[in-house]
Amino acid sequence: MNHSFKLRFNARGKAAAGLSILALSLPLSIVPLTAMAPTGAHAQIFDDEDDKEIPGQQPTDNTVWDAKKLQRLDRNVRKLERSVSRVQNQKSPPILIEPDPEVVALQATVDTLSRKQDDQAATIMTLTGQIEDLQHQNQQLLQQITNQNARLDTLVKRADLADAHLKDIDAQLAPPPPPPASLGNAESDFEQAFNLMTSGKVDDADRAFEAFTTTWPQSSQLPEAWFRLGQIRAMKSNASGAVAAYATSLKGWPKTSWAPEATVKLAQALSDTNRPTDVCATLAQFEKNYAKAATTDTRSLAKTLKDKNRCAAA
């Protein structure tokens with residue numbers, strides 16, 4: 001900055017500072033000073049003399065940008081000084097302040113961004129409200145689904161129970177399956193029933209031995225068939241049926257290998273049906289007819305039953 005410009009700038013510093021603030025706060029269009037100018041004043045546009053560059057002026061910090069800005073500021077200060085002087089002489093027309101293009105552009109950008117921000121804030125508020133509504137609806141739908149699933153589980157359980165009950169009723173009402181077909185002779189039919197029993201097919205063996213008792217009533221294997229029926233019925237917890245089968249097999253107190261066991265098992269079935277007198281009578285026949293030929297397990301069971309039913313000593 002040359003010497004003459006520096007002196008001029010320092011002399012006008014205070015006025016320039018105050019007027020610069022006034023200039024920047026005024027609108028970016030013509031500002032009428034009607035309160036200060038006479039009524040008959042006419043508008044006047046500054047000529048181009050004040051816009052001329054000052055020859056030889058150097059930048060303040062080695063940048064052309066600052067030099068131009070200071071020149072523009074200096075021109076505005078000189079314009080304001082002449083305007084004030086004209087107002088004081090009551091000859092001043094309305095003042096035209098040269099706005100800073102960068103300030104104008106920046107202010108426009110700020111206004112645009114401010115409007116966009118306001119619009120975005122309003123949009124965000126609207127979207128937030130919509131999201132909250134959708135979340136509430138989603139929670140309601142989830143609760144409805146949970147309730148429906150619980151109700152569905154209950155109905156499925158009820159349907160399963162009803163189905164199981166119907167199957168039980170069908171099984172009770174259904175006729176028993178037929179016994180195995182006869183092989184044509186007593187020995188083969190007896191062997192067939194015995195094999196079913198030893199292979200664990202208790203129900204089939206039960207039907208096979210019952211069929212044997214009616215198909216071959218004159219067979220020598222008939223008493224043993226009743227003995228096996230007694231065993232099967234005892235395994236199925238049918239104590240009364242076991243008593244009848246064992247008693248039938250022991251008619252005449254036969255001298256067979258299975259007779260000692262059949263006698264004690266008859267006493268056990270009688271004990272299970274709470275008939276202690278008959279238990280003691282049966283055990284007395286066991287002691288009389290089969291005790292010597294019985295196995296150790298059979299004699300041990302007989303003693304246990306005798307003690308349980310308080311039978312008198314033989």
For this session: Would you please say whether a donor-acceptor pair under 3.5 Å links the side chains of Glu132 and His136?
Result: no

For this session: Keeping the roles fixed (side chain from Thr128, backbone from Ile124), state whether a donor-acceptor pair exists under 3.5 Å.
Result: yes

Problem set entry | Shortest non-hydrogen contact between Gly184 and Asp189, atoms and distance | N-OD1, 4.0 Å

Exercise. Is there a donor-acceptor pair closer than 3.5 Å between any side-chain N or O of Thr215 and the backbone N or O of Phe212?
Worked result: no

For this session: Go through Glu287 and Leu283 one step at a time and tell me if the side-chain contact (heavy atoms from CB on, under 4.5 Å) criterion holds.
Result: CA-CA 6 Å; Glu287 292 292 339; Leu283 292 176; 5.6 Å; no

For this session: Look at atom CD of Gln117 and say whether more than 12 heavy atoms of other residues, nucleotides or ligands are closer to it than 6.0 Å.
Result: no

Exercise. Partners of Phe209 by ring-ring contact (aromatic ring centres under 6.0 Å, His included), sequence neighbours excluded?
Worked result: Phe190

Exercise. Between Asp119 and Arg115, does at least one N-O distance fall below 4.0 Å, as a salt bridge requires?
Worked result: no

Exercise. Between Arg299 and Thr296, is any pair of side-chain heavy atoms under 4.5 Å apart?
Worked result: yes

Problem set entry | Atom of Ala211, atom of Thr214 and distance for their closest heavy-atom approach | O-OG1, 3.0 Å

Problem set entry | Arg151 versus Gln148, side-chain donor and acceptor atoms under 3.5 Å | no

Exercise. How about Gln285 and Tyr290: do any of their side-chain heavy atoms sit closer than 4.5 Å?
Worked result: no

Problem set entry | Audit row: Thr213, Leu229, side-chain contact (heavy atoms from CB on, under 4.5 Å) steps and yes/no | CA-CA 10 Å; Thr213 60; Leu229 276 174; 4.1 Å; yes

Exercise. By salt bridge (charged side-chain N to carboxylate O under 4.0 Å, His left out), which residues pair with Asp203, not counting sequence neighbours?
Worked result: Lys236

For this session: Decide side-chain contact (heavy atoms from CB on, under 4.5 Å) for Thr263 and Trp253; before the verdict, give the C-alpha distance in whole Å, the side-chain angles of both, and the deciding distance to 0.1 Å.
Result: CA-CA 9 Å; Thr263 305; Trp253 303 109; 4.0 Å; yes

Exercise. Can you tell me if Asn147 and Gln143 form a side-chain donor-acceptor pair at under 3.5 Å?
Worked result: yes

Problem set entry | Heavy atoms of other groups near Lys255 NZ, more than 12 under 6.0 Å | yes

Problem set entry | Asn138 side chain to Leu134 backbone, donor-acceptor under 3.5 Å | no

For this session: Specify the closest pair of heavy atoms between Arg233 and Ala245, including all atoms of both residues, with the distance to one decimal.
Result: NH1-CB, 3.9 Å

Problem set entry | Sub-4.5 Å side-chain heavy-atom contact between Thr298 and Phe286 | yes

Seminar exercise, completed: Note: Leu222 and Trp216 closest approach over all heavy atoms is CD1-O, 4.1 Å

For this session: Could I get the full list of salt bridge (charged side-chain N to carboxylate O under 4.0 Å, His left out) partners for Lys167, not counting sequence neighbours?
Result: Asp163

Exercise. Do the non-hydrogen side-chain atoms of His165 and Leu161 ever get within less than 4.5 Å of each other?
Worked result: no

Exercise. Short question: side chain of Thr146, backbone of Leu142 - any donor-acceptor pair under 3.5 Å?
Worked result: yes

Exercise. Nearest heavy-atom pair of Pro223 and Ser219: which atoms, and what distance?
Worked result: CD-O, 4.3 Å

Problem set entry | Test: Arg207 and Asp204 ion pair at under 4.0 Å | yes

For this session: Tell me yes or no: between the side chains of Gln137 and Asp133, is some donor less than 3.5 Å from an acceptor?
Result: no

Exercise. Could you walk me through whether Glu261 and Phe227 pass the side-chain contact (heavy atoms from CB on, under 4.5 Å) check?
Worked result: CA-CA 9 Å; Glu261 180 182 356; Phe227 166 64; 3.9 Å; yes

